[in-house]
Participant: 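Take this structure, written in C-alpha cells, and hold onto it; I'll ask about it next.
Within every chain, numbering begins at 1; the chains are lettered A, B, ... in the order of the sequence lines, protein sequences first and strands thereafter. Please read these numbers as outputs of a predicted model, since none were measured by experiment.
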Amino acid sequence: MLTKRLVELIQSNASELSRSIVKQILSHPTTTSYRNIGENTLFDMIHDICSRFSYWLSEDNERGEVKEHYRNLGKQRFQQGIALPEVISALYLTKRKLWEFMTAERDVNSSLDLNQILETSFLLVRFFDHAVLHVTEGYEEMLKEKYGYVAPLEDPARFEEALAEKEKKMATIEEEPRLPELCFTKGMIRLET
Amino acid sequence: MLEKMIEMIEKNAPAMAEDLKSRLLNNPDTKSFRTLDDEALYEDIHALYSRIGYWLMRDPEKGDVKSYYMELGKRRRMEGFPLRELVRYLILTKRHIWDTVSQKGLMDAPAELNSGIDLITYLNRFFDFAIYYTTLGYYKSLGV
C-alpha cells in the first residue's frame with residue numbers, strides 16, 4: 001500500500017520540485033551535456049515523475065512501463081550524445097532531491113508516521129534502482145547497434161571458455177604437490193611421500 | 001542505533017558475504033560473476049561488509065570510494081563483463097544489506113525507525129556513487 005499522504009505531498013509540490021531538480025542538473029559538473037537539451041524538455045520529463053509519483057512507484061508499472069520507458073530513455077540519451085555516467089548522475093540528482101524533500105518533512109511535520117517515510121523511501125529507492133538498470137540496458141543496446149560492442153562474456157562461447165579457464169586454474173591449485181608429511185619415530189625423521 | 005546496525009553488519013560479514021556470493025552465482029542476471037575465482041569474489045564482498053562503517057562514513061565523491069569503483073568498472077570491463085551486470089551486482093549488494101538489517105529485527109521499535117531512515121540515506125549515498133564511478137570507469141575504458 002502506497003503511503004498516500006507523503007506521495008500526495010510530493011505530487012502537489014511537483015512543479016517546484018521539478019524546477020529545483022532541473023536547476024541542479026543544468027549546473028552540476030557531472031551532467032554538463034544536459035545543457036544541450038532544452039530546459040523545457042528536461043522539466044517536462046522530471047515533472048512527469050514528480051506529478052505522477054504514485055503511478056511510477058506502483059509495483060505493476062516497474063515490470064512494464066518503467067522498464068520500457070527507461071530503456072528508451074537510455075537509447076534516446078545515447079543518440080543525443082550524452083554519456084551514460086551523466087544519465088545516471090541526472091537520475092541520482094533527481095532521487096536525491098526527492099529524498100531530501102521527504103526527510104525534511106520528517107523534521108517539520110511530526111504527524112507524518114516514520115513508517116510511512118521509511119516505506120516511501122524504500123519505494124523511491126526501488127524505482128530509481130530499476131530506472132538506472134534499464135537506462136543502462138537501453139544504452140548497451142545502442143552500443144551494440146552503433147559500434148557493434150558486445151561485452152565478451154555475453155558471447156556463449158567466450159563465457160564457456162572463461163568458465164573452463166577458471167576450472168582449470170582451480171584444478172591446478174588442487175593438484176599442487178603436498179609437502180611430505182613428517183613422521184616422528186623414535187627420534188628419527190622419516191619422510192613419507 | 002545506527003552504530004548498532006553497522007556493528008551487526010560488520011560482525012556478520014563472513015556469513016553475509018557467503019550468502020551474497022551464492023546469490024550472485026545462482027542469479028542468471030549476474031552470470032558473468034561465475035567466471036571469477038570464488039575465493040576472490042568472497043573476499044571482495046567481505047572487504048565491503050566487514051568495514052561497512054568506514055565506507056559509509058567516507059566522502060563518496062572523492063578519495064578511495066572514487067578510485068576503488070572506477071578501477072572496478074575498468075577491470076570488470078577488461079574481464080568481459082556487461083555493464084548492466086555490474087550495476088545489478090551493486091544494487092543487489094545494497095538490498096542485501098538492507099534486507100539483513102530488516103530481518104534481524106533492528107527496526108521493530110518506533111525509536112529505531114529514525115536510524116533506519118539514516119541507514120537508507122547512508123547506503124544510498126554510498127551506492128549511488130559506487131554505481132556512478134563504476135559506470136564511469138567502465139565507460140572511459142570503452143573509449144567511445
Participant: Does atom NZ (B:Lys74) have a neighbourhood of more than 12 heavy atoms from anything else shown, all under 6.0 Å?
Facilitator: no
Participant: When you look at CD of A:Glu39, are more than 12 heavy atoms from neighbouring residues, nucleotides or ligands closer to it than 6.0 Å?
Facilitator: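 Result for CD/A:Glu39: open.
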Participant: Quick check for you: to the nearest 0.5 Å, what is the distance between A:Trp99 atom CH2 and B:Ile117 atom CD1?
Facilitator: 7.5 Å
Participant: Please round to the nearest 0.5 Å and tell me the distance separating atom OG1 of A:Thr30 and atom CZ of B:Phe129.
Facilitator: 8.0 Å
Participant: Using the rule given for side-chain contact (heavy atoms from CB on, under 4.5 Å), can you reason through B:Arg95 versus A:Arg126, listing the C-alpha separation, both sets of side-chain angles and the distance that settles it, and then say yes or no?
Facilitator: CA-CA 9 Å; B:Arg95 285 196 195 166; A:Arg126 197 179 62 180; 3.8 Å; yes
Participant: How many angstroms lie between atom CD1 of A:Ile88 and atom OH of B:Tyr133, to the nearest 0.5 angstrom?
Facilitator: 13.0 Å
Participant: Can you pull out the residues in residues 10-19 of chain B with any heavy atom less than 4.5 Å from chain A?
Facilitator: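 Heavy-atom contacts from residues 10-19 of chain B to chain A are absent.
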Participant: Which of residues 76-90 of chain B have a heavy atom under 4.5 Å from any heavy atom of chain A?
Facilitator: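 Hits under 4.5 Å: B:Arg77, B:Glu79, B:Gly80, B:Phe81, B:Pro82, B:Leu83, B:Arg84, B:Val87, B:Arg88.
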Participant: Please tell me whether B:Ile9 and B:Tyr42 are part of a single hydrophobic cluster in this structure, the criterion being side-chain heavy atoms less than 4.5 Å apart.
Facilitator: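 No, no single cluster joins them.
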Participant: Non-hydrogen atoms of chain B under 4.5 Å away: do they reach the side chain of A:Ala164, the backbone, both or neither?
Facilitator: neither
Participant: Would you say OH of B:Tyr122 has more than 12 non-hydrogen atoms from neighbouring residues, nucleotides or ligands within 6.0 angstrom?
Facilitator: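 Atom OH in B:Tyr122 is not packed in, count stays at 12 or less.
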Participant: If you tally heavy-atom pairs under 4.5 Å against chain B, which of A:Asp129, A:Thr136, A:Leu163 wins?
Facilitator: A:Asp129
Participant: Measure distances from A:Leu143 to the heavy atoms of chain B and classify the residue's part below 4.5 Å as side chain, backbone, both or neither.
Facilitator: side chain
Participant: Tell me which of these, A:Pro152, A:Ala162, A:Ser89, has more heavy-atom pairs under 4.5 Å with chain B than the rest.
Facilitator: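 Among A:Pro152, A:Ala162, A:Ser89, the one with the most close pairs to chain B is A:Pro152.
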Participant: Could you check whether atom CZ of B:Arg34 has more than 12 heavy atoms from other residues, nucleotides or ligands sitting under 6.0 Å from it?
Facilitator: yes
Participant: Using non-hydrogen atoms and a 4.5 Å limit, figure out which bit of A:Lys146 sits close to chain B: side chain, backbone, both or neither.
Facilitator: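 No part of A:Lys146 comes within 4.5 Å of chain B.
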Participant: Identify which of A:Val150, A:Asp155, A:Leu133 forms the greatest number of heavy-atom pairs closer than 4.5 Å to chain B.
Facilitator: A:Leu133
Participant: Once rounded to the nearest 0.5 Å, what's the spacing between atom CE of A:Met102 and atom OG1 of B:Thr121?
Facilitator: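 Going from CE on A:Met102 over to OG1 on B:Thr121, the span is 9.0 Å.
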Participant: How many angstroms lie between NE2 in A:His130 and CD1 in B:Ile91, if you round to the nearest 0.5 Å?
Facilitator: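 It is 8.0 Å, given to the nearest 0.5 Å.
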Participant: For chain A, which of B:Leu136, B:Asp128, B:Thr135 has the most heavy-atom pairs under 4.5 Å?
Facilitator: B:Asp128
Participant: Should the heavy atoms of other residues, nucleotides or ligands under 6.0 Å from CD of A:Glu100 be counted, would the total exceed 12?
Facilitator: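 Yes, enclosed.
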Participant: With respect to chain A, which residue among B:Leu142, B:Asp37, B:Thr134 yields the maximal number of heavy-atom pairs within a distance under 4.5 Å?
Facilitator: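 Ranked by heavy-atom pairs under 4.5 Å with chain A, first place is B:Leu142.
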Participant: Which heavy atom in A:Phe159 sits nearest to a heavy atom in B:Ser32, and how many Å separate them?
Facilitator: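 Nearest heavy atoms, A:Phe159 then B:Ser32: CE1-CA, 4.1 Å.
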Participant: Top residue by heavy-atom pair count (under 4.5 Å) with chain B, among A:Lys95, A:Glu137, A:Glu165?
Facilitator: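 It is A:Lys95.
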Participant: Taking side chain as everything from C-beta outward and backbone as N, CA, C, O, which of these in A:Leu84 sits under 4.5 Å from a heavy atom of chain B? Side chain, backbone, both or neither.
Facilitator: both
Participant: Evaluate the criterion side-chain contact (heavy atoms from CB on, under 4.5 Å) for residue pair B:Ile131 and A:Tyr92; output intermediate values, then yes/no.
Facilitator: CA-CA 10 Å; B:Ile131 290 172; A:Tyr92 284 148; 3.3 Å; yes
Participant: Counting only heavy atoms not in B:Lys140 (residues, nucleotides, ligands), do more than 12 fall under 6.0 Å from its NZ?
Facilitator: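 No - once you tally the heavy atoms of other residues, nucleotides and ligands closer than 6.0 Å, there are 12 at most.
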Participant: Examine whether an atom of A:Tyr139 lies under 4.5 Å from a heavy atom of chain B, and if so say whether it belongs to the side chain, the backbone or both; otherwise answer neither.
Facilitator: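 It is the side chain, since no backbone atom gets that close.
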Participant: Indicate the ring-plane relationship of B:Tyr138 and A:Tyr149, choosing parallel, tilted or perpendicular according to the 30° and 60° boundaries.
Facilitator: perpendicular
Participant: Output the distance between atom CD1 (B:Ile120) and atom CZ (A:Phe122), rounded to the nearest 0.5 Å.
Facilitator: 8.0 Å
Participant: Please indicate whether A:Glu145 has more than 12 foreign heavy atoms, meaning atoms of other residues, nucleotides or ligands, lying under 6.0 Å from its CD.
Facilitator: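 Open.
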